[in-house]
Amino acid sequence: MRKESQDLSWLGAIRKRGPLSNEEEKSYQRSLNGLQGEVAFDQLYRHFLGNETDCLDDVTLEYKGDVLQMDKIFKDKNTIHLADIKNYQGNYVYENNALKLGSTTFANDIIEQARRSRRIFTRLFEDYHLPLEIQNVIVFINDQGRITLYDDLPEIVLNYEEIPGWLMKIRNHTQQSQEFDWQNLIQKYQISSYATSRICSTERLNHLKKGIHCEKCGSFSLKSTRYTFQCLCGHVEIKQIAFLRTICEYGVIMHHLPLKRSEIIKFFGEKYSSDYIKKTLSNYFVPLNADIKDGKYQNYGQPFNYWFENEATRLEKLEKRKNWHSSF
Ligand SMILES: [Zn+2]
């Protein structure tokens, strides 16, 4: 599953409850745009190649001191494709070894970054005697953006309309390939993706809007029924899940600290029962110390869907409550 970065989660969580600085808003839009491009490519990839084709998404790899990040890695015959997905708008030009947009020339451009990744992967595969070719694929996923190449490049560069044809071409190869354990090798050197370096100060936290907001539209005016919260936009959410989601949201915002019971109760505000919050913490979260009296729980700094992704069955039981007594 492709996940948003912690940085994007952090910015998104703050943004629902208070203002972002100009720099933060720009980063938020840039990361969101990047993620949307990756998701769009994933959809095309699944459409043409199906789910059975092996690939790795969002790989951060460290090998012999070099760190790189790759949007998608997949194999075709004896070639490993390293895909960089660019959700750019505008007319880019590549000539004389430089990427240009209008009169702007980029110093450390996407082609050079791709080549660096390829060098690191080549070294890794050679060291392990894995006889696979490595090929960069740079994908311009936005139909409002394109790149024109004036240089002859060894990299595969695809504009939006070229993507389906290219994926169909590799579809015919992917099945009959000889198997090498390339995924295991990569995973061996995979490191967790970058944690955000942004910190929310106590003062900023105090100024953020308190309470539970609608998962869909962000509104804080929710109508409470026995088992659910209902929003004017029509969205209905199980109460227990809304509490869990909000605790995780606090965890994202304050990712640098343990979850602290008293702080979380403040984050919910007076409208919400502190007993219910306490019960939710003790039922679903891991205490930091054996002595639970200090009210501190482990903070993974992840949004609800990622934090609880392995507890689907337990949460499905809760989902059933949506249909019970919905008129309370
Ligand atoms: Zn809503």
Side-chain angles (χ1 to χ4, degrees), residues 2-36 58 60 67 69 191-222 229 231 237 239-274 276-282 284-289 292 294-309:
R2 191 175 289 282
K3 289 178 176 177
E4 61 184 32
S5 65
Q6 193 188 41
D7 199 53
L8 179 57
S9 303
W10 189 91
L11 292 165
I14 300 257
R15 201 171 178 271
K16 292 202 176 86
R17 298 174 181 270
L20 292 182
S21 71
N22 285 343
E23 182 278 322
E24 288 170 343
E25 180 64 27
K26 270 186 203 153
S27 295
Y28 174 77
Q29 296 298 346
R30 201 186 317 118
S31 307
L32 187 63
N33 186 54
L35 179 67
Q36 285 166 346
D58 283 327
T60 305
V67 176
Q69 202 271 327
I191 54 174
S192 53
S193 46
Y194 302 105
T196 182
S197 55
R198 300 179 199 270
I199 301 288
C200 178
S201 66
T202 314
E203 204 204 329
R204 189 171 188 182
L205 178 70
N206 290 338
H207 282 96
L208 294 179
K209 199 162 163 118
K210 306 285 176 288
I212 300 177
H213 59 74
C214 168
E215 191 189 8
K216 282 276 169 309
C217 75
S219 163
F220 282 82
S221 336
L222 302 176
F229 288 118
C231 179
E237 189 175 25
K239 230 172 220 184
Q240 181 65 84
I241 290 183
F243 274 85
L244 289 169
R245 181 172 57 79
T246 305
I247 294 172
C248 295
E249 196 171 302
Y250 172 88
V252 168
I253 293 171
M254 301 305 283
H255 62 92
H256 57 295
L257 296 174
L259 297 178
K260 201 166 169 221
R261 192 166 51 208
S262 55
E263 289 296 314
I264 288 172
I265 290 170
K266 269 203 275 176
F267 187 71
F268 274 82
E270 288 159 2
K271 244 173 80 184
Y272 295 96
S273 149
S274 54
Y276 199 97
I277 297 166
K278 285 178 194 166
K279 218 170 68 196
T280 303
L281 280 168
S282 70
Y284 289 92
F285 293 83
V286 183
L288 214 53
N289 304 304
I292 201 160
D294 71 355
K296 285 183 183 167
Y297 294 83
Q298 219 148 86
N299 185 3
Y300 299 116
Q302 296 282 325
F304 168 71
N305 334 354
Y306 306 161
W307 196 316
F308 287 94
E309 67 175 320

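To the nearest 0.5 Å, the span separating CD1 on Ile199 from CE on Met254 amounts to 8.0 Å. Note that OG of Ser21 is 9.5 Å distant from NZ of Lys26, once rounded to the nearest 0.5 Å. To the nearest 0.5 angstrom, Thr246 atom OG1 is 11.5 Å from Ile241 atom CD1. Rounding to the nearest 0.5 angstrom, the gap separating the CG atom in Leu244 from the OH atom in Tyr284 is 6.0 Å. Of the inter-residue distances, the one linking Phe267 atom CZ with Ile212 atom CD1 reads 10.0 Å to the nearest 0.5 angstrom.
Other residues, nucleotides and ligands place no more than 12 heavy atoms under 6.0 Å from the CG atom of Asn22. With a 6.0 Å radius and a threshold of 12 heavy atoms from other residues, nucleotides or ligands, His207 has its NE2 atom at or below the threshold.
The salt bridge (charged side-chain N to carboxylate O under 4.0 Å, His left out) contacts involving residues 241-255 comprise Arg17-Glu249, Glu237-Arg245, where partners must be two or more places apart or lie in separate chains. For residues 200-221, the set of pairs meeting the salt bridge (charged side-chain N to carboxylate O under 4.0 Å, His left out) definition, not counting sequence neighbours, comprises Glu24-Arg204.
Residues satisfying the side chain to side chain contact (heavy atoms under 4.5 Å, CB included) test with Glu263, not counting sequence neighbours, are Leu205, Tyr250, Lys260, Lys266. Taking the side chain to side chain contact (heavy atoms under 4.5 Å, CB included) definition, one finds that Asp294 meets it with Asn289, Lys296, sequence neighbours left out. Taking the ring pair (Phe, Tyr, Trp, His ring centres under 6.0 Å) definition, one finds that Phe304 meets it with Phe308, sequence neighbours left out. Annotation: side chain to side chain contact (heavy atoms under 4.5 Å, CB included) contacts of Ser31 (sequence neighbours excluded): Leu8. The side chain to side chain donor-acceptor pair (under 3.5 Å) test applied to Tyr276 returns no partner, not counting sequence neighbours. With sequence neighbours excluded, the residues forming a side chain to side chain donor-acceptor pair (under 3.5 Å) with Glu25 are Arg15, Gln29, listed by chain and number. With sequence neighbours excluded, the residues satisfying side chain to side chain contact (heavy atoms under 4.5 Å, CB included) with Asp7 are Ser5, Leu11, Thr196, Arg198.
Pairing each heavy atom of Leu281 with each of Arg261, the nearest pair is CD1-CG, 3.6 Å. Taking every heavy atom of both residues into account, Cys217 and Cys214 meet most closely at N-SG, 3.3 Å. Residues Glu4 and Pro303 approach most closely at OE2-CG, 4.0 Å, considering heavy atoms. Closest approach of Ile14 and Cys200 over heavy atoms only: CD1-SG, 4.1 Å. Between Phe220 and Lys16 the shortest heavy-atom distance is CE1-O, 3.5 Å. Nearest heavy-atom pair across Asn299 and Gly251 is ND2-O, 3.1 Å.
In this structure, Phe285 has its ring center closer than 6.0 angstrom to the ring center of Trp307. A ring-centre distance under 6.0 Å is found for Phe243 and Phe268.
Side-chain contact of Gln240 with Thr280: a donor-acceptor pair under 3.5 Å is present, judged by distance alone.
Remark: side-chain polar atoms of Asp58 are not paired, donor with acceptor, to backbone N or O of Arg2 under 3.5 angstrom.
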